[in-house]
Amino acid sequence: MTSDRLVVDERALDAPTEDRFDRLRRISWWDQTRLSRAKVLVVGAGALGNEIVKNLALLGVGNLFVVDLDRVENSNLSRSVLFREADNGRPKAEVAARAAVDLYPTLRARGFAGNAVYDLGLGVFRWADVVLGGLDNREARLAINRSCWKVNRPWIDGAIEQIQGVARVFVPDGPCYECTMTSEDWELLQRRRSCNLLSQADMLSGRTPTTPTISSLIASLQCQEAVKLLHGLPTLAGRGWVFDGMSTEGYQVEYQRKTECYSHDPLERVVELPCRASRTSARELLRTAQELLGPEVELELARDVLERLCCPKCGTEETLFTSLGRVSADKAFCPCCPGVRRDVRTFYKIRGSEPFLDRPVAEIGVPPFDAVIARTLDRAVGLLLADDASEVLGPVVGG
Ligand SMILES: [Zn+2]
Ligand SMILES: [Zn+2]
């Protein structure tokens, strides 16, 4: 055993230290500097997210923000290259971010344990050069799509089921995710929302039957499209690539841009305010909005706020002021009347006469580093709570 091993080891020791990215740099158009400067937001650290994060680390992407609400479970281990048994119970986003730094120590990575729809501020989307989705539900896709459009960011969606999948690229001004939604998609989305607005448990499903083989295939394509986007090369923009693993056939789908699409709502600009969500009231933001756009301005929140629950039977009301997604399903039932579901009162606009104007916006469902929108009939400006940046972005804040 001695001689062979020793020879190999010595050769390895003698080998000149090669640049880590040598093989990538040999590609004629490759620009490693672009990748090391890139800021990528990955939403979802499940089967797809693991593969996405792994690829981005190997590619030498410099700044990574990973979002996921869940914790690692045993059933994730068959599809998640970044998770180990010892990680059980830990937040997926944090485990994935740390594993990415293990793969590429120069990488700056932030793992954010939160819900992509309710906890992720618009500032994070604006920070990113490109957004990659590893999601399993329409609600999160739609929320990401709308956020990306507001701040003109491209996003690359991936979806998998069993051994088939699709990767698609959405760029500002092209057809967006919402443009691709069919009436069946809307029906499923509405059903999910109405059964009733308060079913967070459904949102955390993640029980789609999939394999690590299809997740690596689709995630690879998403990352490769991201590399091309970051290089300014033509991509799959406005199209999707569908792969059927059973027949081993793949084909492209071209999407049409719909004129009547609610997602097409880019902000005219984003104003960075020296404010934090936990210390700034709606009244202060409204005043700033009026200075910018005049007295007719309204504030608009990105999420519906659950104002009150009212019992149709006994008439009692409970005031909550929290973002809808933070309320668990059992809250819907009246504590006095067994089995009676209460009516849900929500709002998302603030006009200036509301009784809660002096509460910090964090208490009406605005996450840190979010932007509240100042809107008039024909203008929309984002008011970014910019002083939350370092708390939310952590190690990638300067990236
Ligand atoms: Zn659209
Ligand atoms: Zn009641």
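In this model, a donor atom of one side chain and an acceptor atom of the other lie less than 3.5 Å apart for Thr213 and Thr211.
Between Gly123 and Leu384, the shortest heavy-atom contact is CA-CD1, 3.6 Å. Closest of all the heavy-atom pairs between Ile218 and Gly165 is CD1-C, 3.5 Å. Here the closest heavy-atom approach between residue Gly158 and residue Gln222 is recorded as N-NE2, 3.1 Å. Between Glu298 and Lys349, the closest heavy-atom pair is OE1-NZ, 3.1 Å. In terms of heavy-atom proximity, Val171 sits nearest to Pro154 at CG1-CB, 4.1 Å. Thr235 and Glu225 get closest at one heavy-atom pair: CB-OE1, 3.2 Å.
Crowding of Glu85 atom CD: a count of heavy atoms from other residues, nucleotides or ligands under 6.0 Å not exceeding 12. Crowding of Gln224 atom CD: a count of heavy atoms from other residues, nucleotides or ligands under 6.0 Å not exceeding 12. Taking a 6.0 Å sphere around NZ of Lys313, one finds it holds 12 or fewer heavy atoms contributed by other residues, nucleotides or ligands. More than 12 heavy atoms of other residues, nucleotides or ligands shown are found within 6.0 angstrom of CZ on Arg20.
Between Glu51 and Lys54 there is a salt bridge, with a side-chain nitrogen of the basic residue lying less than 4.0 Å from a carboxylate oxygen of the acidic one. The pair Lys258-Glu178 fails the salt-bridge criterion, with no side-chain N (NZ, NE, NH1 or NH2) lying under 4.0 Å from an Asp/Glu carboxylate O. Ion pairing of Arg303 with Asp370 is present here, as a side-chain N (NZ or NE/NH1/NH2) and a carboxylate O approach within less than 4.0 Å. Using a cutoff of 4.0 Å between basic side-chain nitrogens and carboxylate oxygens, Asp185 and Arg141 are not scored as salt-bridged. The existence of a salt bridge linking Arg239 and Glu254 is excluded, since no basic side-chain nitrogen approaches an acidic carboxylate oxygen closer than 4.0 Å. In this structure, Asp22 pairs ionically with Arg26, as a charged nitrogen and a carboxylate oxygen lie closer than 4.0 Å. One finds no salt bridge joining Arg345 and Glu307 here, because no Lys/Arg side-chain nitrogen approaches an Asp/Glu carboxylate oxygen to under 4.0 Å.
Interatomic distance, Ser183 OG to Leu188 CG, rounded to the nearest 0.5 Å: 10.0 Å. Rounding to the nearest 0.5 Å gives a distance of 9.5 Å between OG of Ser278 and CD of Glu363. The CG atom of Leu357 sits 7.0 Å away from atom CD1 of Ile350, with the distance rounded to the nearest 0.5 Å. One finds the CD1 atom of Ile27 at 11.5 Å from the CZ atom of Arg25 (value rounded to the nearest 0.5 Å).
Looking at Val242 and Asp244, their side chains never come closer than 4.5 Å, going by heavy atoms from C-beta outward. Residues Leu383 and Leu299 are in side-chain contact: their nearest non-hydrogen atoms beyond the backbone lie under 4.5 Å apart. The shortest distance between side-chain heavy atoms of Tyr104 and Val61 does not fall below 4.5 Å. Proximity of Thr180 to Pro175: side-chain heavy atoms (C-beta onward) are nowhere separated by under 4.5 Å. The side-chain heavy atoms of Leu273 and Leu285, taken from C-beta on, include a pair separated by under 4.5 Å. Side-chain contact between Asp387 and Cys275 is absent, with no heavy atoms from C-beta onward closer than 4.5 Å. For the pair Pro91/Arg71, a side-chain contact is recorded, criterion being any heavy-atom separation below 4.5 Å from C-beta on. Counting only heavy atoms from C-beta outward, the side chains of Trp155 and Leu41 never approach each other to under 4.5 Å.
Relative ring orientation between Trp30 and His231 is described as tilted, the plane-to-plane angle lying within the 30° to 60° band.
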Mind running salt bridge (charged side-chain N to carboxylate O under 4.0 Å, His left out) on Arg34 and Asp129 for me, showing each step along the way? CA-CA 11 Å; Arg34 279 183 194 241; Asp129 297 315; over 6 Å; no
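Criterion: ILVMFWY side-chain heavy atoms under 4.5 Å apart, direct or through other members. Under it, Tyr255 and Trp241 are not part of a common hydrophobic cluster. Follow the hydrophobic side-chain contacts under 4.5 Å out from Ile373 and you reach Phe125 in the same cluster.
Under the 6.0 Å cut-off for aromatic ring centres, Phe112 and Phe369 do not qualify, their centroids lying 6.0 Å or more apart.
The backbone N or O of Pro368 lies less than 3.5 Å from no partner atom in the side chain of Asp388, so there is not a single donor-acceptor pair.
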